[in-house]
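Below: the structure, in structure tokens.
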Amino acid sequence: MSLTSPSAQLPPDLLEVELSDDYESLTMDVCQLLSETDARFVVSGFGQQEWPVNISYDLSSVIEQLPEAIDSLQSGRAAEIDLYGQGIERRLTFVPAGDTTEIRCTSGTAWHPDPDVEVLSRTAALELLTGLAGDFGAALRRAAPELAMRTPFARW
């Protein structure tokens with residue numbers, strides 16, 4: 001999972017929107033704004049080079065779950081990232097086991113992951129999620145610096 005930063009800042013008129021203080025709503029609003037840029041969200045693996053994901057809905061659903069997933073992995077607990085959008089409907093389950101983390105992919109559509117389990121070092125699995133958080137923070141700082149100062153994005 002990765003997010004490339006946009007090439008330019010959003011026009012000021014797009015930023016004149018009322019944003020929520022609620023984390024999930026704020027994430028949805030910010031991802032909708034990022035979808036107006038040339039930023040690119042990419043997910044691959046489990047036998048598919050590039051998953052059919054978008055910024056406005058799929059990235060939003062991942063970012064909503066990211067703080068809890070990172071906290072769980074840092075604590076040695078299993079974590080889930082559910083890409084629940086219609087058409088993608090895939091769940092990634094991160095299961096720490098010693099020095100490794102199994103990432104299991106289940107599909108709610110006709111698509112079947114092959115393989116359905118990928119194994120990373122615990123460090124690499126955590127870096128996958130913290131790296132996406134960093135990508136998101138960088139994209140937001142580029143597109144809308146004032147929004148990047150909002151919690152929790154400012155830490156990313």
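A quick note: this is a predicted structure, and the numbers were derived from the prediction, not measured.
Sorted by first then second residue, the salt bridge (charged side-chain N to carboxylate O under 4.0 Å, His left out) pairs that include residues 92-102, not counting sequence neighbours, are E102-R104. Within the structure, side chain to side chain donor-acceptor pair (under 3.5 Å) contacts touching residues 116-136 (residues at least two apart or in different chains) do not occur.
Closest non-hydrogen pair, L73 versus A79, comes out as CG-CB, 4.2 Å. Of all heavy-atom pairs spanning G47 and P115, the tightest one is N-CD, 4.2 Å. In plain terms, the two heavy atoms of A143 and P145 that are nearest each other are C-CD, 3.9 Å. Between L132 and F41, the closest heavy-atom pair is CD1-CE1, 4.3 Å. For P113 against C105, the heavy-atom pair with the smallest separation is CG-O, 3.3 Å. The heavy-atom pair separating G134 from R141 by the smallest distance is O-NH2, 4.3 Å.
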Handout entry: Verdict with reasoning, I63 to L66, per side-chain contact (heavy atoms from CB on, under 4.5 Å)
Key = CA-CA 5 Å; I63 296 299; L66 206 52; 3.8 Å; yes

Problem - Stepwise side-chain contact (heavy atoms from CB on, under 4.5 Å) test for T101 and V119 - result: CA-CA 6 Å; T101 297; V119 179; over 6 Å; no

With a 3.5 Å cut-off and sequence neighbours excluded, list the donor-acceptor pairs that the side chains of residues 86-96 form with protein atoms.
{"residue": "E89", "atom": "OE2", "partner": "G87", "partner atom": "N", "Å": "3.0"}
{"residue": "R90", "atom": "NE", "partner": "I88", "partner atom": "O", "Å": "3.4"}
{"residue": "R90", "atom": "NH1", "partner": "Q48", "partner atom": "OE1", "Å": "2.8"}
{"residue": "R90", "atom": "NH2", "partner": "Q48", "partner atom": "OE1", "Å": "3.0"}
{"residue": "R91", "atom": "NE", "partner": "E80", "partner atom": "OE1", "Å": "3.4"}
{"residue": "R91", "atom": "NH2", "partner": "D82", "partner atom": "OD2", "Å": "3.3"}

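When the side-chain hydrogen bond (donor to acceptor under 3.5 Å, both in side chains) test is applied to S72, the partners found at least two apart in sequence or on another chain are R77. With sequence neighbours excluded, the residues satisfying side-chain contact (heavy atoms from CB on, under 4.5 Å) with E146 are L15, A144. Every side-chain contact (heavy atoms from CB on, under 4.5 Å) that P152 has, sequence neighbours left out, goes to Y23, R155, W156. By the side-chain hydrogen bond (donor to acceptor under 3.5 Å, both in side chains) test, T4 is found to be paired with no residue, residues two or more places apart in sequence or in another chain being considered. Partners of D21 under the salt bridge (Lys or Arg N to Asp or Glu O under 4.0 Å) rule, at least two apart in sequence or in another chain, are R150. Here D114 pairs with nothing under the side-chain hydrogen bond (donor to acceptor under 3.5 Å, both in side chains) rule; sequence neighbours left out. Under the side-chain contact (heavy atoms from CB on, under 4.5 Å) criterion, P11 pairs with D13, L14, sequence neighbours left out. Remark: R40 engages E50 in a salt bridge (Lys or Arg N to Asp or Glu O under 4.0 Å) (not counting sequence neighbours). Residues satisfying the side-chain hydrogen bond (donor to acceptor under 3.5 Å, both in side chains) criterion with S60, sequence neighbours excluded, are E64.
D71 contributes atom CG, which lies 11.5 Å from atom CG of L129 (distance to the nearest 0.5 angstrom). Distance check, rounded to the nearest 0.5 Å: OG of S61 to CG of N54 gives 8.5 Å. The structure places CG of L3 at 9.5 Å from CG of L140, a figure rounded to the nearest 0.5 Å. The line from CD1 of I55 to OG1 of T37 is 5.5 Å long, rounded to the nearest 0.5 Å. Summarising the geometry, atom OH belonging to Y84 is positioned 5.0 Å from atom OH belonging to Y57; distances are rounded to the nearest 0.5 Å. From L34, atom CG reaches atom CD of E36 across 10.0 Å, with rounding to the nearest 0.5 Å.
D58 has its side chain out of reach of W51: every pair of non-hydrogen atoms, C-beta onward, lies at least 4.5 Å apart. Counting heavy atoms from C-beta on, the side chains of L147 and L33 come closer than 4.5 Å.
No more than 12 heavy atoms of other residues, nucleotides or ligands shown are found within 6.0 angstrom of CD on E68.
Remark: the backbone N or O of D22 is not paired with any side-chain donor or acceptor of S25 at under 3.5 angstrom. Not a single donor-acceptor pair under 3.5 Å links the side chain of Q49 to the backbone N or O of G45.
L59 and M28 end up in different hydrophobic clusters when Ile, Leu, Val, Met, Phe, Trp and Tyr side chains are linked at under 4.5 Å.
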